[in-house]
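In what follows, a single structure is set out as structure tokens and then discussed.
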There are 2 protein chains.
Amino acid sequence: MSTRLPVAERRAQLVDAALTVAAEEGIAAATVRRVAEEAGVALGVVHYCFDDKDELFTALAARIVDELAAAGSSGLAFDDGPPDLPTALRCAVAALWESIEASAGAQLLTYEITTHALRNRELRGVAVRQYEVSHAAAEQVLTLAAEASGATWTRPVAELAGEALAFVDGVTLRWLVDGDGGAARARLAEFAGYLATQARTRRRKRVR
Amino acid sequence: MSTRLPVAERRAQLVDAALTVAAEEGIAAATVRRVAEEAGVALGVVHYCFDDKDELFTALAARIVDELAAAGSSGLAFDDGPPDLPTALRCAVAALWESIEASAGAQLLTYEITTHALRNRELRGVAVRQYEVSHAAAEQVLTLAAEASGATWTRPVAELAGEALAFVDGVTLRWLVDGDGGAARARLAEFAGYLATQARTRRRKRVR
DNA sequence: GTCTATAGTTGGATAGAC
DNA sequence: GTCTATCCAACTATAGAC
């Protein structure tokens, strides 16, 4: 069974395995042993690739943050010409929620990572980075939506992004608990409506 | 050291100890052993009082939810006569935030309890109850604020409470990560402002 | 009825084999 | 440089003492 592999590839493989286990069964289930088993390697291999369980955890968190950043930068595509701001926001929210609803385990995992990181002084940076990336993604979406619809935010985008992030976070957690996707969507739609009041519309390019 | 105690009192004492440990060091640190140590009793005593670690956890969660319900029902007091709605909301938010900011460990613990409960089928009810109580508390605050200021919500209170709860949840978690109390307060104030637009003012009792 | 002493399991880490 | 075999600590749970 012992297919020798360069350490970098092993690390990637192990982080994959850790993600699989943690998303499905929770962070507590992602023990060094369980991750090794999932990856099909002996226990000690994990400790050869990572100094420490914390280091494996940090790598896992980094990987999730990377995915988050990638998802954020995928952006909105408006093929039918420039929409108005409410429409753009509705699209953004719909796309966001679709991706959330399709990955409950991963969503729950991000909350677990946050709390776990907050409880361990050395891991605090993990939680901070998580939010920096999320915040940047939120700002980007808001900026793109405004640009696409030819509107201008009347308040700093950073503030709006902070509020949006908090709201989405809270709505998602609530949804994980009650499983009510309709209610979650309604809440997000309401917030999108609020956001639309925080911009003023510039003269629009005429659609021919 | 063996002061014999009736089981009900021991249970209460142990839940106290569990709360102390969990709020300070996280739910993962609240092992049966650590709780016994904190309470100053032998390890086995915990297993005599609780069938199971899960039962101790459930008791801990119930105790936190009770406190939450109590805090919610403490209500708002407006000694200076009926305020207008924006003022009432500002007061409610300020009081809420003060209590949150004073108990970071307990706040973080509630998130840990939620995620932990969501990862264990048998404990799902714990998370659901947590949110039912929070939601009820939110509805109560909104209703009281409207009554005190002689206003009427133009949307179902349940919807507004759901949005408020989500937002407060998200803001709190963000604050636990970045420690920026000012930003948190600003976000909450903004939301209070939004809420005020969701009501219409009835004729006001004149203040003499 | 209340508590103590002990068993059995699972986890993180390492010394050393290949 | 990569992996295996082994160690030790910490945890949950229980059998039985008082």
Side-chain angles (χ1 to χ4, degrees), chain A residues 1-22 24-61 112-113 116-117 119-123 126, chain B residues 1-22 24-61 112-113 116-117 119-123 126:
Chain A
M1 265 291 122
S2 60
T3 42
R4 289 169 68 90
L5 225 61
V7 66
E9 289 178 34
R10 271 274 184 263
R11 284 180 62 111
Q13 178 197 10
L14 290 170
V15 171
D16 271 4
L19 179 56
T20 302
V21 173
E24 267 171 26
E25 303 168 44
I27 207 176
T31 64
V32 175
R33 280 188 127 84
R34 182 78 181 70
V35 169
E37 186 195 7
E38 178 74 24
V41 303
L43 171 62
V45 173
V46 181
H47 276 103
Y48 170 65
C49 295
F50 301 93
D51 281 1
D52 202 88
K53 201 200 172 186
D54 278 1
E55 204 184 298
L56 171 59
F57 170 82
T58 305
L60 169 61
E112 293 183 283
I113 288 177
H116 181 77
R119 284 297 188 188
N120 297 266
R121 294 212 53 162
E122 309 107 16
L123 298 176
V126 170
Chain B
M1 264 290 123
S2 60
T3 41
R4 288 170 69 91
L5 225 61
V7 67
E9 289 177 34
R10 271 274 183 264
R11 284 180 62 111
Q13 177 197 10
L14 289 169
V15 171
D16 272 5
L19 179 56
T20 303
V21 174
E24 267 170 27
E25 302 168 45
I27 207 176
T31 65
V32 176
R33 277 188 128 81
R34 185 76 183 69
V35 169
E37 187 194 6
E38 178 74 25
V41 303
L43 171 62
V45 173
V46 182
H47 277 102
Y48 169 65
C49 296
F50 300 93
D51 280 2
D52 203 88
K53 201 200 172 186
D54 278 1
E55 206 184 295
L56 171 60
F57 171 81
T58 306
L60 169 62
E112 293 182 283
I113 288 177
H116 181 76
R119 284 297 188 187
N120 298 267
R121 294 212 54 161
E122 310 106 15
L123 297 177
V126 170

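Chain identifiers are assigned alphabetically (A, B, ...) following the order of the sequence lines, protein sequences preceding nucleic acid strands; residue numbering begins at 1 within each chain.
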Is the distance from OP1 or OP2 of dC11(D) to the nearest side-chain N or O of Arg34(B) less than 4.0 Å?
-> no
Remember a base hit wins even if backbone is also touched, and classify [X] as base, sugar-phosphate or nothing at under 4.0 Å, heavy atoms.
| X | answer |
| --- | --- |
| Val41(B) | nothing |
| Val32(A) | sugar-phosphate |
| Leu5(B) | sugar-phosphate |

Nearest-nucleotide pick for [X], side chain only, options being [options]:
| X | options | result |
| --- | --- | --- |
| Leu43(B) | dT6(C), dT4(D), dG1(D) | dT6(C) |
| His47(B) | dG1(D), dT14(D), dT2(C) | dT14(D) |
| Arg4(A) | dT12(D), dC18(C), dT4(C) | dC18(C) |
| Lys53(B) | dT2(D), dA13(D), dT6(D) | dA13(D) |
| Thr31(A) | dC3(C), dG12(C), dT12(D) | dG12(C) |

Whether Gln13(A) side chain and Ala39(A) backbone form a donor-acceptor pair below 3.5 Å = yes
d([atom1], [X]; [atom2], [N]) in whole Å:
| X | N | atom1 | atom2 | answer |
| --- | --- | --- | --- | --- |
| Tyr48(B) | dA15(D) | OH | C1' | 15 Å |
| Asp54(B) | dC11(D) | CG | C1' | 14 Å |
| Phe57(B) | dC11(D) | CZ | P | 18 Å |
| Arg11(A) | dC3(D) | CZ | P | 14 Å |
| Arg10(B) | dT4(C) | CZ | C1' | 13 Å |
| Glu55(B) | dT14(D) | CD | P | 13 Å |
| Glu37(A) | dT10(C) | CD | C1' | 13 Å |
| Glu9(B) | dC3(C) | CD | C1' | 16 Å |

Please examine the side chains of Asp54(B) and Asn120(B), heavy atoms only from C-beta on, and report whether any two atoms are closer than 4.5 Å.
-> no
Heavy-atom pair with the smallest gap, counting every atom of Val46(B) and Ala36(B) = CG2-CB, 3.7 Å
Do Arg33(B) and dT12(D) have a side chain to base donor-acceptor pair shorter than 3.5 Å?
-> yes
I would like to know whether Arg33(B) and Glu37(B) meet salt bridge (Lys or Arg N to Asp or Glu O under 4.0 Å); could you show each step before the answer?
-> CA-CA 6 Å; Arg33(B) 277 188 128 81; Glu37(B) 187 194 6; over 6 Å; no
Applying the side-chain hydrogen bond (donor to acceptor under 3.5 Å, both in side chains) test to Arg119(B), which of Glu112(A), Glu24(A), Glu25(A) qualifies?
-> Glu112(A)
